[in-house]
Amino acid sequence: MAKKVVKKNVRVPCGNGWPMLIVGALVLANAYWPIVSWPVFIGWLAVICGLSKMIVPCK
């Protein structure tokens, strides 16, 4: 009988790509319609990404 091999330190991706799609759309929107400066925009993106990591746990 074959033994089941256990892999250590294998990273399983979380999510399905929707957050990256939303971030890309926000970057394009800020490039075409500059509402705030880029440092403020990047700061808010970091806050949104951090909150989404806290709310949506990895399975």
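Basis for what follows: all heavy atoms, side chains included, without hydrogens, waters or symmetry-related copies.
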Under a side-chain separation threshold of 4.5 Å, the hydrophobic residues clustered together with I42 are none
Do you reckon V36 sits in the same ILVMFWY cluster as I48, going by side-chain contacts under 4.5 Å, direct or chained? no
With sequence neighbours left out, the residues meeting side chain to side chain contact (heavy atoms under 4.5 Å, CB included) with W38 are V27, N30, A31, F41
Note: with side-chain heavy atoms under 4.5 Å as the link, the other cluster members for W33 come out as L28, Y32
